[in-house]
Amino acid sequence: MSQHKNTIEVRNGKPQIVIEGSAYAPMAFATLGPSTYVEDGYLRRLGEAGIELFFIHCNLPWLDDPRLDIESLAHNLARLRREVPGARAFLRLNLHPPKRWLDENPDELLRREDGELFRTDYHSCFYSWKDMPIYSLVSSKWRADAGEQLRELLDTIDALPDGEAVAGHFLAAGGTSEWIQRKSGGIGDYGVAFRRHFSAWLRRKYGSVDNLREAWQQTNIDFDSIRVPDSTRLAGFGGMDLEALARTGEAASSDCCLGVFANPTANRDVLDLHEAARNGIVDSIEHFAEVVKDHSRGRLLVGAFHGTLLNTGLRPVLLESENVDFLANPGIYVNRRPGDITDIHCISDSFLLHDKIYMVEDDVRTHMSPPVVREHYFIRSADDALTQMKRDFGRDLCRNLYGWWFDMYDPDALSKVATVDAARTILSPPHERGTWWYDAPELLTLIKQIQGIARDSLATDCRRCSEVAVIMDERSAGLSPTAHNRMLNWRMSILSRLGAPVDFFYTEDLSHSRMPDYKLYIFPNAYTMDDAQRRAVANKVRRNGAVALWLYAAGAHRPDDDTFNAANAADLTGFGLTYAADVIETAFTLTTSDHPATAGCSPDSIHGRFNYEVYRNGVRRSVPAGGLNYQAPNLYVSDPAAEILGAFIADGSPALALRDFGSWRSVHCATQFMDPELLRALARYAGCNIVCDSDDFVFMNASYLCVHAAGGGTKRLALPRPCSAVELYTGTSFGEDIREIVVSMEKGETLTFGLS
């Protein structure tokens, strides 16, 4: 067994997977089910198309399944090396416990409030049976027992004839193996294992019973008698029905909620519950990653499914970890159709700061998928599949991400996910199953082109060239599910149309020594900011003439004392603000069109509503564009030194305001939504280069530019510097030493340019 360490190295601004000294390009390949199912010829064709990295499923020894046991793994590794010489494998290690362990360890299982076990028929692909209980992802006994099984498996893998092919391990647990506590979502676990974890977490956070009692406003509790908040309070945590309150005129605040936000002083126990649950999952990932690193003496790479903004603990634990090298998630299952964009969950540029890689599970549906899948994802032809594969790879290429093509075909149709999607409750009949999703000549030809581009990128300058940074906050995501979900819609459908490259960071990254300076900082969810975060914001943003854009309720909550008020927001944003609890409909218009910050914007545009349809592919349901949007509480600028740029239609209150402090400029938007044209105007006001003005989707770094057309017509792409531009799939040159690319595109078309 080689002792050469596999690593993540940043070369030419791009984090790269380096195995035994050689860098491996994205993309990789993975299947839904056992790799035994993959036909030899298909593997060979993928290898001929340039795929070198493969994900292979494997169970721990205690799971008795011949499709995923060590003999199956030995067969799959030997076959992979035979069919694709030089290929490397990441083993997707299923850490689920067997049925006998669940039966023998009732205290380690997920329980309802009434004490009954939570049961389901489907927990994860190839780990399911009727009426099965669910293990707790924070269980210390599961960690210990599965850790011993993992060590045994690692010893066995080391002894395999083709064990050298294994470059690393991918940790899989929980719902759909994605570290989700249960497939239906939610956290309300009343089992012994979670209560034990919650008590220990609270001890670490508060240190003394007196501190706990003061924070929870409960005088009769201690660490050994902690009760999980009841289900009624957990259900009420999601915020109030503002549309109903707008009709009745009732107050939009209560002991439980402040409009869309949880009332932090009355819900500190609920907020702690959610944070502890998410932190516990992070701790479990770190535990198993450490097992792999210790066993391999740091030689093997380690990754896991994780990365959404709602996963509190990711930034301070997993990105700082010496044991975790990469994280992964599927692209978001919204707006997946030609002319839209498959957005990603992660805060991608923070990974680069920490010398780690984010991988996207690019499960692009193709014309080889089952008919019902093609219908859900608008794949009407091979061209639809090709342009979406180009689009998603272009995003990965320009944003320095890795990814894998995820073929979800299952010959035995054992999983409803393989044949239709997770929303289906019945299996498809044989004639609807389709076949291998990427095993078509035109798709393999494209994959070969993509792999060539990806290999070339390893030696190319891939430094980020963004002038806009979006600063996201983990804990803020947990303060309001409603505001969080609206923010995700904003990111997917509005921010993605800005027309310029954008970098994403966590709030804590603002104090990182390697974080670049930007001209425009956007804070879409800075609802809760502690004193340390506020200092980091001030030190990074309030200089160099930068512009800071604060969206809805920025800074209102200070977790150091759990206050939620205008003074907290004023401290962060620099504006004098007034707090109002009443519901308002958030449509607003600009009050001036001749200010540099709004130059070029139509005075007739209505901002503050979600003016772009959100299409949820999995359930074939759209959220229509332009509907009424209600909001409470509200923070209005009441600062005589501020310039008012926009006002709410409902009552004329300030909706958009600006203050120039000399060393920096602050812009306050009182709601969550402003259309792309206004974002572009603010970016230009900050001095940023706008590549595209036509609401199309743009990804860019120093050497690559990818454009996916939201609509047909002539596109004018303004380059930040003179360069030569070649469309990489056709080889068409668009000129040398140019500052603009002019090209006609059809809706849904993808073009990727090499810039030199």
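Proximity of the aromatic rings of Trp436 and Tyr409 is defined here by a centroid distance below 6.0 angstrom, and this criterion is met. With ring centers used as reference points, Phe55 lies under 6.0 Å from Phe170. Centroid-to-centroid, the aromatic rings of Trp404 and Phe29 stay 6.0 Å apart or farther.
Closest non-hydrogen pair, Trp62 versus Pro97, comes out as CZ2-CA, 3.5 Å. Residues Tyr518 and Ser466 share a closest heavy-atom pair of CE2-O, 3.5 Å. The two atoms that bring Ile347 and Phe505 nearest to each other are CG2-C, 3.2 Å, heavy atoms only. When all heavy atoms are compared, the tightest approach of Ala146 to Leu60 is O-CD1, 3.9 Å. In this structure, Met745 and Val707 approach most closely via the heavy-atom pair CE-O, 3.7 Å. Scanning all heavy atoms of the two residues, the minimum distance from Gly394 to Cys706 falls at CA-SG, 3.7 Å.
For the salt bridge (Lys or Arg N to Asp or Glu O under 4.0 Å) with Arg88, the qualifying choice from Glu20, Glu52, Glu164 is Glu20, the only one to do so.
Between the side chain of Ser321 and the backbone N or O of Val324, at least one donor-acceptor pair lies under 3.5 Å. Asp392 contributes no side-chain N or O that, together with a main-chain N or O of Asp362, makes up a donor-acceptor pair within less than 3.5 Å. Under a 3.5 Å cut-off, the side chain of Asn617 and the backbone N or O of His376 do form a donor-acceptor pair. A donor-acceptor contact shorter than 3.5 Å is absent between the side chain of Lys356 and the backbone of Ile8. At least one donor-acceptor pair closer than 3.5 Å links the side chain of Thr387 to the backbone N or O of Gly748. Proximity of a side-chain donor or acceptor of Asp162 to a complementary backbone N or O of Ala165 within less than 3.5 Å is not detected. Glu361 places no side-chain N or O within 3.5 Å of a backbone atom of Pro330 that could act as its donor or acceptor partner. The backbone N or O of Ala710 sits less than 3.5 Å from a side-chain atom of Asp696, completing a donor-acceptor pair. Under a 3.5 Å cut-off, the side chain of Asn12 and the backbone N or O of Leu458 do form a donor-acceptor pair. Between the His57 side chain and the Leu32 main chain, a donor and an acceptor come within less than 3.5 Å of each other.
Between Asn329 and Thr308, the closest side-chain pair of non-hydrogen atoms falls below 4.5 Å. With a 4.5 Å cut-off on side-chain heavy atoms, Glu508 and Pro316 do not count as touching. In this structure, the side chains of Cys58 and Asn94 stay at 4.5 Å or more apart for every pair of heavy atoms. Arg11 has its side chain within reach of Val18: a pair of non-hydrogen atoms, C-beta onward, lies under 4.5 Å apart. Between Leu63 and Tyr127 there is a side-chain heavy-atom pair separated by less than 4.5 Å. By the 4.5 Å heavy-atom criterion applied to side chains, His169 and Val291 are not counted as neighbours. Here the side chains of Val10 and Gln16 are not in contact, with every heavy-atom distance at 4.5 Å or above. Here the side chains of Ile285 and Val317 are not in contact, with every heavy-atom distance at 4.5 Å or above.
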May I have the step-by-step check of side-chain contact (heavy atoms from CB on, under 4.5 Å) for Ser35 and Ile56, ending in yes or no? CA-CA 6 Å; Ser35 306; Ile56 295 178; 3.5 Å; yes
Glu467 and Asn689: CA distance, side-chain angles, deciding distance, side chain to side chain donor-acceptor pair (under 3.5 Å) verdict: CA-CA 8 Å; Glu467 298 171 307; Asn689 179 73; 5.7 Å; no
What's the verdict on side chain to side chain donor-acceptor pair (under 3.5 Å) for Ser703 and Asp461, showing C-alpha distance, side-chain angles and the deciding distance? CA-CA 6 Å; Ser703 296; Asp461 183 1; 5.1 Å; no
Evaluation steps, side-chain contact (heavy atoms from CB on, under 4.5 Å), between Phe699 and Leu705: CA-CA 6 Å; Phe699 304 104; Leu705 167 62; over 6 Å; no
Does the side chain to side chain donor-acceptor pair (under 3.5 Å) test come out yes or no for Glu727 and Thr732, once each step is laid out? CA-CA 5 Å; Glu727 207 289 316; Thr732 303; 5.9 Å; no
Are Tyr704 and Phe753 close enough, and set up right, to give a ring-ring contact (aromatic ring centres under 6.0 Å, His included), and what steps lead you there? CA-CA 6 Å; Tyr704 298 100; Phe753 301 93; over 10 Å; no
Assess whether side-chain contact (heavy atoms from CB on, under 4.5 Å) is satisfied between Leu352 and Tyr358, documenting all intermediate values. CA-CA 9 Å; Leu352 177 62; Tyr358 182 79; over 6 Å; no
Which is it for Arg374 and Ser369 under the side chain to side chain donor-acceptor pair (under 3.5 Å) test, yes or no, and what are the steps along the way? CA-CA 6 Å; Arg374 300 200 299 270; Ser369 308; over 6 Å; no
Could you walk me through whether Phe326 and Phe90 pass ring-ring contact (aromatic ring centres under 6.0 Å, His included), step by step? CA-CA 12 Å; Phe326 65 94; Phe90 288 95; 5.5 Å; yes
Phe288/Glu290 under side-chain contact (heavy atoms from CB on, under 4.5 Å): CA gap, chis, key distance, verdict: CA-CA 5 Å; Phe288 290 111; Glu290 186 175 10; over 6 Å; no
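One finds a salt bridge joining Asp40 and Arg82 here, because a Lys/Arg side-chain nitrogen approaches an Asp/Glu carboxylate oxygen to under 4.0 Å. Classification of Arg44 and Glu83 as a salt-bridged pair holds, one side-chain N sitting under 4.0 Å from a carboxylate O. A salt bridge does not link Asp503 with Arg399: none of the charged nitrogens is closer than 4.0 Å to a carboxylate oxygen. A salt bridge is defined here as a Lys NZ or Arg NE, NH1 or NH2 lying under 4.0 Å from an Asp or Glu carboxylate O, and Arg278 with Asp283 fails to meet this definition. Salt bridge status for Arg336 with Asp363: present, with a side-chain N to carboxylate O gap under 4.0 Å. One finds no salt bridge joining Arg391 and Asp396 here, because no Lys/Arg side-chain nitrogen approaches an Asp/Glu carboxylate oxygen to under 4.0 Å. Using a cutoff of 4.0 Å between basic side-chain nitrogens and carboxylate oxygens, Asp355 and Arg514 are scored as salt-bridged.
Atom NZ of Lys5 sits about 11.0 Å away from atom CG of Leu300, to the nearest 0.5 Å. Taking CG of Leu353 as the start and OG of Ser350 as the end, the distance is 5.5 Å to the nearest 0.5 Å.
Judged purely by distance below 3.5 Å, without hydrogens or angles, the side chains of Ser124 and Ser177 pair a donor atom with an acceptor atom. If you check the side chains of Arg67 and Ser72, you find no donor sitting under 3.5 Å from an acceptor.
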Side-chain atoms of residues 441-450: list all donor-acceptor pairs with protein atoms under 3.5 Å, sequence neighbours left out, distances to 0.1 Å.
{"from": "Glu442", "atom 1": "OE2", "to": "His367", "atom 2": "NE2", "distance (Å)": "2.7"}
{"from": "Thr445", "atom 1": "OG1", "to": "Pro441", "atom 2": "O", "distance (Å)": "2.8"}
{"from": "Gln449", "atom 1": "NE2", "to": "Tyr729", "atom 2": "O", "distance (Å)": "3.1"}

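Cation-pi geometry between Arg491 and Phe504 is satisfied (NZ or CZ under 6.0 Å from the ring centre, within 45° of the ring normal).
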